[in-house]
Each structure stands twice: as structure tokens, then as C-alpha cells.
Amino acid sequence: MTLHLYDSASRELRPLDPVVPGRVGIYHCGLTVQGPPHIGHIRKELVFDVLRRWLERSGLEVTIIANVTDIDDKILAKGRERGESWFAVAYENERALHAAYEVLGCRPPTYEPRATGHVPEMIEMIEALIERGHAYPATDGSGDVYFDVRSWPDYGELSNQRIDDMQAAPDAPADGKRDPRDFALWKGRKDDEPESASWPTPWGRGRPGWHLECSAMAAKYLGTEFDIHGGGLDLRFPHHENELAQSRAAGQAFARVWMHNAMLNLGNSKMSKSVGNTLTVAEVVKRVPAIALRYYLIAAHYRSIIEFSEQSLAEAATAFERIEGFCLRAAELVGAGEPGDVPADFAAAMDDDLSVPAALAVLQATIGEGNRLVADGASVALADTLASARAMLDVLGLDPLTWATQGESSATADALGQLVDALVAARAEAKAAKDWNRADELRDQLTAAGIELEDTPSGTRWNLKGGH
RNA sequence: GGUGGGUUGGCCGAGAGGCGAGGCAACGGACUGCAAAUCCGUUUACACGGGUUCAAAUCCCGUACCCACCUCCA
């Protein structure tokens with residue numbers, strides 16, 4: 001079976017049929033870097049990270065392009081408000097995004113083109129659209145250039161809407177547009193905007209319209225026809241609809257499959273800055289191990305809304321501890337080994353539109369089997385089970401044994417290890433002397449410091465609770 | 001007004017006509033000096049009202065509520 005994905009354009013499950021056999025080109029809309037990423041933003045990154053890992057494990061060569069929108073109204077406004085340059089704001093938040101990728105174990109995209117670095121490509125595209133009669137410079141002298149939605153009969157095909165049914169934007173009539181739904185390909189520079197935020201074009205100085213950058217950059221890095229275009233469901237209209245119209249109107253085939261992930265809600269509405277219900281990745285990772293946050297955000301199907309709650313986050317962290325506990329215990333018995341093959345059921349689940357919940361059920365069954373084997377000590381069967389579990393965890397980016405062992409320096413870790421080992425040894429002596437009060441006192445002391453003890457037939461294991 | 005999606009047990013979360021996904025929590029048991037961890041077992045479901053069918057959480061009709069988009073948004 002090959003991977004089937006739900007295509008939001010045709011609204012059906014479709015088999016992946018790469019433009020170039022053996023290779024997959026994916027474009028997903030990155031962030032407008034106007035603030036640090038919140039956990040809703042990062043959900044999208046995780047979806048595509050898992051997709052990428054699964055495709056690679058299936059033997060495909062994957063190219064992922066994720067744009068960085070480093071200029072827009074909000075970035076300019078924030079710069080003004082803070083008395084900083086717009087590009088300082090954009091870059092600061094781009095670095096925060098990369099930090100979030102890293103801490104959650106997302107492998108970086110193949111490339112992350114910035115909008116401001118692709119003005120020539122955009123100009124070429126606008127020229128092509130004007131020549132073909134699908135775009136026109138604003139009649140009011142603003143320097144804007146608009147896409148003419150009435151000139152493109154398929155406009156609305158992605159979101160299944162007809163132009164006449166759409167609510168007109170409230171500010172539309174004034175802008176020198178032929179139709180209120182026409183959207184900006186290019187925005188003329190306004191007097192109060194910094195000179196550095198504009199680029200020369202045949203239509204005067206200005207800056208990119210949001211939608212155009214993705215069309216231009218996708219074509220540059222993936223070609224005029226590519227496999228998968230993705231992003232959050234909130235981008236389907238107008239952003240993706242407009243991208244599709246532009247690119248097709250310019251004569252390109254564009255994306256074969258459109259993939260949209262559902263939102264992460266907090267308090268019954270989408271997490272977003274304008275609602276004010278955001279939790280940044282940096283904040284949440286202070287409360288719960290990053291790997292547990294990753295588990296939480298991945299565990300639900302990507303097309304299901306996640307209603308965020310502290311309780312469900314905490315439960316996810318507990319659930320993941322069982323998985324982690326098995327890997328650590330098994331690795332102590334038989335060595336970490338290498339990830340092996342993924343069970344057929346797991347593969348079938350992943351091939352079915354990335355059904356991570358079903359895939360996790362397979363993983364949980366493997367963990368249960370593994371824990372039974374652990375009780376009997378080292379065995380070939382245990383080594384095989386661990387290899388299988390690790391293969392599945394690797395696809396999900398959740399393998400505790402390869403998860404970045406960042407954190408404390410080894411000197412700190414050594415010092416901690418010696419101290420804990422000494423206390424564990426003291427407890428063992430107390431136990432041997434049947435001095436249960438002393439033994440429990442030592443255990444309580446360690447627990448209070450965040451060290452968990454686990455007595456096994458072969459001695460006492462310990463680990464730092466939430467130690468990632 | 002238009003376009004999509006949703007409502008499942010104490011909680012999270014799959015499934016899309018017939019065998020009770022899975023996890024968390026709870027309870028009982030095994031193990032333990034006692035715990036923890038682990039294993040075994042048990043308990044609680046398909047928003048509401050109709051209909052189709054031998055059989056409906058799943059299909060159809062209606063109702064209620066929720067989310068997203070039509071304006072910047074992952």
C-alpha cells in the first residue's frame with residue numbers, strides 16, 4: 001500500500017503519485033515572523049515533520065520548502081511600536097521559530113526561503129500575469145498591483161466557493177480594484193513606511209503581497225508542478241486559494257495535493273495572537289518535557305481539532321513516560337541497538353492519511369509485549385521488540401534513545417550521578433539492615449529532588465523525572 | 001448569507017453498517033519490607049428526534065450546540 005493523503009482540494013483520499021518517481025516535493029507555509037511561535041504554529045511543523053519522516057522511511061527522497069514571511073503589515077507595525085527596524089523584529093522571531101523546531105525535534109526543512117529575498121521572482125510572475133490579462137496595476141496611483149479574480153474562471157476551486165457568494169471585504173471599494181475580491185500581488189509603498197521596506201519594480205517601489213511569495217518561491221525551488229502543498233486550515237482561503245489562482249493563471253500546474261492541518265484551540269477558539277489565547281513553545285516546554293509536548297501535539301490525527309488543556313497535556317506526558325520507561329529499561333538489558341523495521345499494522349496506519357492514533361495503538365501493543373519480556377531479562381526477543389518500538393518512535397520523532405541528550409554538561413551529570421549513586425547505595429545498606437525508616441527517608445529525599453527510584457531484581461534504577 | 005468540519009465513556013482520542021482501537025484516571029489482583037514501575041483483570045460510550053436495514057456510533061432526514069474560513073492568521 002502506498003501513502004494516501006486527504007486532498008482538501010478534491011475532498012477525497014488520494015494516493016501519492018510523485019511528479020518525479022522516487023522523489024517528493026513539499027511546500028508548506030511557514031510563519032509570518034511577527035511574534036515567537038505558539039504551540040498552534042508548531043503543530044503544523046510537527047505534522048510535516050512526521051510526514052517527512054514517514055516518506056523517507058518509505059524510501060522516498062523528500063524536499064521540503066517552508067517560507068518565512070519576513071515582511072508584512074504587522075511586522076512593520078511592531079517595529080514602529082518598539083522603535084526597532086522591521087527586519088530586526090522579523091529576524092528575532094525567525095530565530096525563535098528555529099529554536100522551537102530544535103527543541104521539539106523537528107528536522108529543519110530543506111530550505112526556508114524568505115519573502116524579501118525573492119522580489120525578482122515575484123516581479124517576473126506579476127509581469128506574466130499582467131501579460132496574460134489576469135492582473136492590473138491599481139487605478140488610484142497607489143502602486144498596488146491586483147489579481148483580477150473575474151478573469152480566472154476557476155477562482156474558488158480550492159475552497160469550493162463562488163465569487164458571488166463571498167462576503168466582500170469591508171475596505172474593498174476604495175482601493176481602485178475592479179472587483180472587491182481582487183487581491184494584492186504587490187503593495188505600493190506608503191509614505192509612512194521605511195524606505196528599507198520597499199523594492200523597485202516597474203510599478204514603483206513597494207513590497208510583496210502576501211500570497212505571491214509562495215507561488216514564486218514554490219516554483220523556484222520545487223518546479224511549476226509539485227507534489228504536496230500544506231499549511232494550517234485557516235490558510236485555505238484566501239491564502240492558498242489565491243496562490244492556486246495566481247500560479248495556474250500564470251500557466252503552472254502547481255500542487256497536486258493540498259494538505260491542511262486542523263487548528264489547536266484554547267478556550268473554544270483557535271489559538272491566535274489576536275484572540276490573546278496563545279501559549280508559546282518556550283513557555284510550555286518549561287512545564288512539561290519537550291518530548292512530551294511533541295507527543296501531545298502529534299497523538300491526535302492531524303485533521304482533528306485539539307482542544308488544549310493542562311489536564312490533557314499532563315496525561316499525554318504520563319502516557320509517554322510508559323513508552324520512555326520501556327525503552328530505557330530494555331536498552332539497559334540488551335543495549336540500545338538500532339531501530340529495526342516497522343510492523344505492518346503501523347505502516348498501514350501511517351499510509352492511511354497519517355493515522356497516528358492507530359499507529360500509536362500498534363506502538364502501545366509493542367510496548368506492552370516489551371514490558372512482559374523485560375521481566376524475564378535480556379533476550380533476543382526483547383532486542384527485537386526494542387528495535388521495532390524504536391523504528392516506530394523514530395518515524396514519530398519520539399525515540400527517547402536518540403532524542404537530543406541536550407541539557408546539562410557531562411560534568412554536571414557526572415556529579416549528579418555520583419551523588420545519587422551514593423544515596424542509592426546508602427538506601428540499599430539500610431534495606432539490608434531492615435532499617436525501613438532510614439531507607440524510606442532516603443527515597444523521600446531523592447523524590448523531593450525529582451529523582452525517581454525503581455527497585456528491580458537486579459538493583460535500583462534511578463532517573464530524573466521529566467529529565468528532557 | 002456562503003463554504004467546510006465536528007458533537008464518542010470520568011478524561012484524551014480512534015473507528016465510518018455487523019466482532020467493545022488505544023492511552024490516561026479509577027478499582028481489584030500479582031510483584032514489593034512498604035512503595036514506585038511493570039504485568040493481569042474490571043468498570044463507564046457514541047448530542048437529540050425520526051427514518052432506512054436482518055443489523056446503525058457508522059447511511060438518510062430534521063433539531064440543537066461547537067469550531068474554522070469568507071479580514072491578518074499554522
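Every heavy atom of this structure was used, including side-chain atoms; hydrogens, water molecules and symmetry mates were not. Note on naming: letters A, B, ... go to the chains in the order of the sequence lines (proteins, then strands), and numbering restarts at 1 for each one. Note that this is a predicted model, so its numbers are computed, not measured.
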Hey, are [X] and [Y] close enough for a salt bridge, meaning a charged N less than 4.0 Å from a carboxylate O?
| X | Y | answer |
| --- | --- | --- |
| A/Arg427 | A/Asp455 | yes |
| A/Lys44 | A/Asp234 | no |
| A/Glu429 | A/Arg438 | no |
| A/Arg461 | A/Glu452 | no |
| A/Asp7 | A/Arg256 | no |
| A/Arg150 | A/Asp164 | yes |

For this session: With rounding to the nearest 0.5 Å, note down the distance linking CH2 in A/Trp258 to OG in A/Ser159.
Result: 10.5 Å
Out of [options], which nucleotide sits closest to the side chain of [X]?
| X | options | value |
| --- | --- | --- |
| A/Asn268 | B/rA74, B/rG13, B/rC67 | B/rC67 |
| A/Ala319 | B/rA74, B/rC24, B/rC67 | B/rC24 |
| A/His301 | B/rA74, B/rC70, B/rA14 | B/rA14 |
| A/Asp165 | B/rG2, B/rG13, B/rC67 | B/rG2 |
| A/Lys74 | B/rU38, B/rC72, B/rG4 | B/rC72 |

Exercise. Within 45° of the six-membered ring axis of A/Tyr296 and under 6.0 Å from that ring's centre, is NZ or CZ of A/Arg294 located there?
Worked result: no
Can you check the distance between [N] and [M], where both ends of the measurement are the [atom1] atom (answer in whole Å)?
| N | M | atom1 | value |
| --- | --- | --- | --- |
| B/rA47 | B/rA57 | C1' | 11 Å |
| B/rG17 | B/rG10 | P | 27 Å |
| B/rG9 | B/rG1 | P | 31 Å |
| B/rC61 | B/rG18 | C1' | 24 Å |
| B/rG5 | B/rC46 | P | 24 Å |
| B/rU44 | B/rC70 | P | 44 Å |
| B/rA45 | B/rC60 | P | 26 Å |
| B/rG20 | B/rG15 | C1' | 11 Å |

Tell me, please, which residues at least two apart from [X] pass side chain to side chain donor-acceptor pair (under 3.5 Å).
| X | answer |
| --- | --- |
| A/Lys78 | none |
| A/Tyr6 | none |
| A/Asp394 | none |
| A/Ser309 | A/Ser312 |

Just the table, please: protein N/O against nucleotides 39-42 of chain B N/O, every pair under 3.5 Å.
| unit_1 | atom_1 | unit_2 | atom_2 | d |
| --- | --- | --- | --- | --- |
| B/rC39 | OP1 | A/Arg322 | NH2 | 3.3 |
| B/rC39 | OP1 | A/Asn371 | ND2 | 3.1 |
| B/rC39 | O3' | A/Arg372 | NE | 3.3 |
| B/rC40 | OP1 | A/Arg372 | NE | 3.1 |
| B/rC40 | OP1 | A/Arg372 | NH2 | 3.1 |

Can you tell me how far [atom2] of [N] sits from [atom1] of [X], to the nearest Å?
| X | N | atom1 | atom2 | answer |
| --- | --- | --- | --- | --- |
| A/Ile306 | B/rA74 | CD1 | P | 17 Å |
| A/Tyr6 | B/rG6 | OH | C1' | 13 Å |
| A/Lys270 | B/rG5 | NZ | P | 18 Å |
| A/Asn242 | B/rC70 | CG | C1' | 11 Å |

For this session: Determine whether more than 12 heavy atoms belonging to other residues, nucleotides or ligands lie under 6.0 Å from atom CG of A/Asp421.
Result: yes
At under 4.0 Å between heavy atoms, what does [X] touch on the DNA or RNA strands: base, sugar-phosphate, or nothing?
| X | value |
| --- | --- |
| A/Gly230 | nothing |
| A/Asn261 | base |
| A/Gly231 | sugar-phosphate |
| A/Ser269 | sugar-phosphate |
| A/His239 | nothing |
| A/Ser304 | sugar-phosphate |
| A/Ile42 | nothing |
| A/Ala375 | nothing |
| A/Glu454 | base |

For this session: Hey, could you give me each pair passing salt bridge (charged side-chain N to carboxylate O under 4.0 Å, His left out) that has a residue in residues 236-245 of chain A? Not counting sequence neighbours.
Result: none
For this session: Go through the structure and list residues passing side chain to side chain contact (heavy atoms under 4.5 Å, CB included) with A/Lys74, not counting sequence neighbours.
Result: A/Gln34, A/Asp72
Exercise. Can you list the residues that meet the side chain to side chain contact (heavy atoms under 4.5 Å, CB included) rule with A/Glu81, with sequence neighbours excluded?
Worked result: none
For this session: Kindly state which residues belonging to residues 382-391 of chain A come within less than 4.0 angstrom of RNA chain B, counting heavy atoms of the residue only, listed by number.
Result: none
Exercise. Paired stems touching RNA chain B, three or more consecutive Watson-Crick or G-U pairs with both distances under 3.5 Å?
Worked result: B:1-7 with B:64-70, B:10-12 with B:22-24, B:26-30 with B:38-42, B:47-51 with B:59-63
Do any N or O atoms of the protein come closer than 3.5 Å to N or O atoms of nucleotides 31-33 of chain B, and which pairs are they?
| unit_1 | atom_1 | unit_2 | atom_2 | d |
| --- | --- | --- | --- | --- |
| B/rG33 | N1 | A/Asp440 | OD1 | 3.0 |
| B/rG33 | N2 | A/Asp440 | OD2 | 2.8 |

Protein-nucleotides 8-12 of chain B N/O pairs closer than 3.5 Å?
| unit_1 | atom_1 | unit_2 | atom_2 | d |
| --- | --- | --- | --- | --- |
| B/rC11 | O2' | A/Gln311 | NE2 | 3.4 |
| B/rC11 | O2 | A/Glu315 | OE1 | 3.3 |

Problem set entry | Short side-chain to backbone donor-acceptor contact, A/Thr110 and A/Ile64, under 3.5 Å | yes
Exercise. Are A/His240 and A/His211 close enough that their ring centres sit under 6.0 Å apart?
Worked result: no
Exercise. Hey, do the aromatic rings of A/His118 and A/Tyr221 have their centres closer than 6.0 Å?
Worked result: yes
Problem set entry | Upstream residue (5' side of RNA chain B) when A/Phe237 and A/Asp234 are each assigned their closest nucleotide | A/Phe237
Exercise. RNA chain B: A/Thr32 or A/Arg11, which has the more 5' nearest nucleotide?
Worked result: A/Arg11
For this session: Decide yes or no, distance alone: a donor-acceptor N/O pair under 3.5 angstrom between the base of B/rG2 and the side-chain of A/Gln161.
Result: yes
Exercise. Any side-chain N or O of A/Asn160 less than 4.0 Å from the OP1 or OP2 oxygen of B/rG4?
Worked result: yes
